[in-house]
Amino acid sequence: MRIARILLPLTTALGLLPVTALSQQPAPDTTVGSEAREAASNQATEVASITYDRGIVTSPGRITIEPSVSYAHSNSTVVAVEGYTVIPALLVGLINISEVQRDIFTGALAMKYGFTSRFEAGIRVPYLIINEDLREREVFQGTPLDTIRESSGDGLGDVEVSARYQINDGLDGWPYLIGSLRVKAPTGEGPYDVGQRIIYDSNNNPIGVELRERPTGSGFWSIEPGISFIYPTDPAVLFGNLSYVWTMEEDEGERNGGTIDPGDVIRFGFGMGFAFNERTSFSLGYDHSIIGETDYELDNSLFDTRFEQVHVGSLTFGLSQRLTRDTSLSMAVSVGVTDNAPNAEITLRLPINL
């Protein structure tokens, strides 16, 4: 009975099995089992999905519309030193410390449609508002005064189109395996689409490039194949995913370094969802991205030296509450655990099944 009341609603909500597949599960009591399966199929309980489109397969012939809004805050400090050391504890020269605060508001509308009991396709359209404040002192100048420079940007982000296919039925102790393919189009303004300004030091030497406004997109096409697994175990659901993002190179002109090949990305994540009851569920997960180095065709000294890899990791807590039979409200809070991840991000989603 514990499995019938808790585990089956979880697996149905996650899109693990269509109702026909659920009916194939053995039950000690046929009458009780069928009633539990029928009740489970009518439940809209959803273990809070840590990231968009993880673990949910839309039922055939149904449309899921999902408006969402998120807020991300980042804060970082950069130290630049121009000088020499007399002894390890004494520095002669100038130290420039700058602090960057970035706030990103994202509103998105996603839609998914189930073509069969195993296959679905979807689209997601985001809109971004970005505000960035930079507190610094004049570059390599001996001045006690701080200045604050503000920049912002808003507009359409990169539109995503995705397709997902449930590979197996998750029988005989196997987890449910779901393959996915996501294509992201450069519909937002990329870093090379907005105005740029060259930064010079006190000797009029170029030391970098500054964007006049914040870009809302990547500026490149990307393709992301991946696979995810979902393993129900009373009373929890374990999940994980692995994907590879291949970004197509683009010719951005000689001034920007010629043909630019952004680094590919390896993504993986794992976590656990737990249902407190038929309406409320909780989840905990971790996501990590390994971003490769960007390659430039031309050796342009205006571009800073970069690490070969950048790691972005975040720990996420999710909570979901079923509002009606076909509607639920989910909230996820992410905390960055690496320097390049946002310090904090809050996301609200309202999936509606039609």
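Because the structure is a prediction, the values reported are computed rather than measured.
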Tell me if a side-chain donor or acceptor on [X] pairs with a main-chain N or O of [Y] at a distance below 3.5 Å.
X    : Y    : answer
S59  : R62  : no
D158 : G188 : yes
R118 : Q166 : yes
N168 : L177 : yes
T338 : G313 : yes

- Task: Check the pair E120, T58 against side chain to side chain donor-acceptor pair (under 3.5 Å), reporting the backbone distance first and the verdict last.
- Result: CA-CA 6 Å; E120 73 169 23; T58 306; 2.8 Å; yes
With a 4.5 Å cut-off on side-chain heavy atoms, are [Y] and [X] touching?
X    : Y    : value
E66  : N353 : no
V245 : R267 : yes
L323 : L350 : yes
I230 : V237 : yes
I178 : Y165 : no
I227 : N241 : no
I260 : Y192 : yes
N75  : H73  : yes

ILVMFWY network linking [X] to [Y], side-chain heavy atoms under 4.5 angstrom:
X    : Y    : answer
Y127 : I123 : no
L238 : W174 : no
V335 : L284 : no
L181 : M248 : yes
Y71  : I104 : no

How long is the straight-line distance from [atom2] of [Y] back to [atom1] of [X], given to the nearest 0.5 Å?
X    : Y    : atom1 : atom2 : value
I352 : T324 : CD1   : OG1   : 8.0 Å
S74  : E345 : OG    : CD    : 8.5 Å
L128 : E189 : CG    : CD    : 11.5 Å
D154 : I130 : CG    : CD1   : 8.5 Å
S218 : K184 : OG    : NZ    : 6.0 Å
N131 : F105 : CG    : CZ    : 6.5 Å

Least distance between heavy atoms, [X] atom then [Y] atom:
X    : Y    : result
L319 : T280 : CD1-CG2, 4.1 Å
R279 : N277 : N-OD1, 2.8 Å
G273 : F239 : N-CE2, 3.7 Å
V159 : T187 : N-OG1, 3.0 Å
D264 : Y244 : OD2-OH, 2.7 Å
T116 : P60  : C-CB, 3.6 Å

- D339 atom CG, neighbour heavy-atom count above 12 within 6.0 Å: no
- Item | Evaluation steps, side chain to side chain donor-acceptor pair (under 3.5 Å), between S334 and S314 | CA-CA 6 Å; S334 299; S314 59; 4.8 Å; no
- Start with the C-alpha gap between E213 and S151, add the side-chain angles, then the distance that decides, and say whether side chain to side chain donor-acceptor pair (under 3.5 Å) holds. CA-CA 6 Å; E213 60 183 88; S151 63; over 6 Å; no
- Kindly determine whether Y286 and V337 satisfy side-chain contact (heavy atoms from CB on, under 4.5 Å), including the steps that lead there. CA-CA 10 Å; Y286 177 78; V337 297; 3.6 Å; yes
- Task: Would you kindly say whether T259 and E249 are connected by a side-chain donor-acceptor distance under 3.5 Å?
- Result: no
When the ring centroid of [X] is compared with that of [Y], is the distance short of 6.0 Å?
X    : Y    : answer
F282 : F274 : no
F229 : Y231 : no
Y113 : F115 : yes

- Query: Are the charged groups of R214 and D103 less than 4.0 angstrom apart, N to O?
  - Reply: no
- Message: side-chain contact (heavy atoms from CB on, under 4.5 Å) for V69 and T347? Distances and angles first, verdict last.
- Response: CA-CA 6 Å; V69 60; T347 302; over 6 Å; no
- Show the numbers, then the answer: is there a side-chain contact (heavy atoms from CB on, under 4.5 Å) between V265 and I290? CA-CA 6 Å; V265 184; I290 304 175; 6.0 Å; no
- Task: Starting from the C-alpha separation in whole Å, work towards a yes-or-no answer on side-chain contact (heavy atoms from CB on, under 4.5 Å) for T294 and Y296.
- Result: CA-CA 7 Å; T294 299; Y296 300 93; 4.0 Å; yes
